[in-house]
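Values below: all heavy atoms of this structure, side chains included; hydrogens, waters and symmetry mates excluded.
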Amino acid sequence: MRIELDSSLTPFSLNHTLSCGQTFRWQLRGDWWVGVVGKRVLKLRQINGDVIEFEASSPEVDVNFVRRYLRLDDDLLAIYSMIDRDRYVHAAVKRFYGLRLVRQEPWECLVSYICATFKNIPAIKQIILGLSQRFGSPVTFEGERFYGFPEPNALAEAKLHELRLCKLGYRAEYVRETAGIVTRGKLNLESLRELPYASAKSALMSLPGVGSKVADCVLLFSLDRLEAFPVDVWMKRIMLKYYSGHFESGFVEKLKKRTSISKSDYEIIHAFGRRYFGEHVGYAQEYLYHFERCKALSKVKGWIGVRL
DNA sequence: TGTTTCCCTAAGTC
DNA sequence: AGACTTAGGGAAA
């Protein structure tokens with residue numbers, strides 16, 4: 001199936017979108033991106049900038065599904081005009097024009113970002129793949145076997161040592177406990193959409209392994225809260241490098257000293273981002289994050305690639 | 001130029 | 001404030 005875009009009104013870059021580090025299950029094979037979304041295998045490619053072709057393991061993956069997953073409903077041009085506040089964001093938007101956030105499934109997003117704490121992206125990808133192979137259901141697509149993302153009860157009932165085989169380390173307990181809470185219906189992720197941002201965030205933070213940063217990732221990447229602003233080590237670096245003038249000098253010195261950031265540090269940076277970039281700060285975050293990471297990698301490797 | 005080893009750090013939370 | 005599991009990957013050997 002195919003989707004045709006008017007790229008002058010709906011800028012979109014599949015490569016930038018799937019390689020910017022927000023998702024962990026996509027791989028590039030030739031000009032096709034192949035990945036697993038929940039329990040479905042999906043294959044996508046972009047042709048000439050304005051046509052998206054796709055195939056999937058399940059008939060429910062239709063044009064609407066793909067449009068929704070890729071957030072083609074976001075008015076990216078309007079968002080650009082709102083977040084383009086300075087030359088740093090401007091450069092990032094120019095370099096990764098058409099990058100969109102992806103509308104992930106909340107459960108998968110939640111577990112993924114619990115596993116992502118204090119890990120690099122290649123390691124996170126391995127963890128998610130391992131969890132899927134061990135606890136997910138197999139899906140055959142074009143003669144190849146893939147594994148869907150595990151259901152909450154599968155992870156809730158998992159043995160701790162089995163989880164640890166997936167290289168989760170101390171996160172194994174967090175994942176199992178959180179899976180138990182979701183399985184028992186104590187927290188309905190979809191229902192968080194009805195709540196104000198602060199309430200939804202604190203509900204998420206009641207889960208083990210979920211702090212401010214993971215909660216913001218889940219809100220931004222799966223629950224349509226573009227006002228969420230995840231602050232990780234990269235965002236801290238970016239703030240120190242380009243935006244230190246917006247903070248008190250004492251605060252800047254404090255941030256420079258320590259590698260990790262405290263909860264109050266997080267709140268200060270978060271408040272600045274929300275105020276400075278506006279209600280779509282999540283998009284600004286993703287562009288700055290990807291731009292800075294690419295610059296750092298290209299400095300080491302001497303190239304600028306899409307596969308990070 | 002190709003391995004092995006060392007070392008730092010990682011989309012933070014408790 | 002400091003510990004925490006684990007391993008990717010660059011740098012040194």
Under 4.0 Å between any heavy atoms, over every strand shown, what does A/Gln126 touch: base, sugar-phosphate, or nothing? Just pick one. sugar-phosphate
If you look at every strand shown and take non-hydrogen atoms under 4.0 Å, does A/Lys167 touch a base, only sugar-phosphate, or nothing? sugar-phosphate
When you compare C/dG10 with B/dG2, how far apart are their C1' atoms, in angstrom units rounded to a whole number? 16 Å
Nearest whole angstrom, please: distance from the P of B/dA11 to the CD of A/Gln104. 16 Å
With both distances kept under 3.5 Å, what pairs with C/dT5, Watson-Crick or G-U wobble? none
When rounded to the nearest Å, what value does the distance between P atoms of C/dT5 and B/dC6 take? 23 Å
Hey, which of these two, A/Arg171 or A/Gly211, hits DNA chain B nearer its 5' end, going by closest nucleotide? A/Arg171
Describe the nucleic acid contact of A/Val231 in one word from base, sugar-phosphate, nothing, applying a heavy-atom distance below 4.0 Å. nothing
Nearest heavy atoms of A/Ile261 and A/Tyr266, plus distance in Å: CD1-CD1, 3.9 Å
If pairing means Watson-Crick or G-U wobble with both distances under 3.5 Å, then the partner of B/dA11 is none
Cationic tip of A/Arg85 within the cone over A/Tyr276's six-membered ring, i.e. under 6.0 Å and within 45° of the normal? yes
On DNA chain C, compare the nucleotides closest to A/Ala123 and A/Arg258; which residue's is nearer the 5' end? A/Arg258
Whole Å only: how far is the OH atom of A/Tyr174 from the P atom of C/dC4? 12 Å
If you look at every strand shown and take non-hydrogen atoms under 4.0 Å, does A/Thr259 touch a base, only sugar-phosphate, or nothing? nothing
Rounded to whole Å, the OH-P distance (A/Tyr266 to B/dA11) equals 15 Å
Of the candidates C/dG9, C/dT5, B/dC14, the side chain of A/Pro122 sits closest to C/dG9
Should A/Arg40 and A/Glu60 count as an ion pair when the cut-off is N to O under 4.0 Å? yes
Picking from B/dA11, C/dT6, C/dG9, which would you name as closest to the side chain of A/Lys119? C/dT6
With a 3.5 Å cut-off and just heavy-atom distances, do the side chain of A/Tyr170 and the base of B/dG12 make a donor-acceptor pair? yes
Which of the following nucleotides, B/dC14, B/dA11, C/dG2, is nearest to the side chain of A/Glu286? B/dA11
Heavy atoms only: give me the nearest A/Val89-A/Ile83 pair and the separation to one decimal. CG1-O, 3.5 Å
A/Tyr80: which of A/Tyr287, A/Phe277, A/Tyr283 passes ring-ring contact (aromatic ring centres under 6.0 Å, His included): A/Tyr287
Whole-Å distance, A/Asp216 CG to B/dG12 P, equals 13 Å
Separation of the P atoms in C/dG9 and B/dG12, to the nearest angstrom: 16 Å
Using heavy-atom distances to pick each residue's nearest nucleotide on DNA chain B, tell me which of A/Asn120 and A/Pro208 is more 5'. A/Asn120
Heavy atoms under 4.0 Å, any strand shown: does A/Glu173 hit a base, just sugar-phosphate, or nothing? nothing
Which nucleotide wins on minimum distance to the side chain of A/Tyr289, given the candidates B/dA11, C/dC4, B/dT13? B/dA11
For A/Arg25 and B/dA11, give me the distance from atom CZ to atom P, rounded to whole Å. 19 Å
Side chains of A/Asp6 and A/Ser8: do they bring a donor and an acceptor to under 3.5 Å? yes
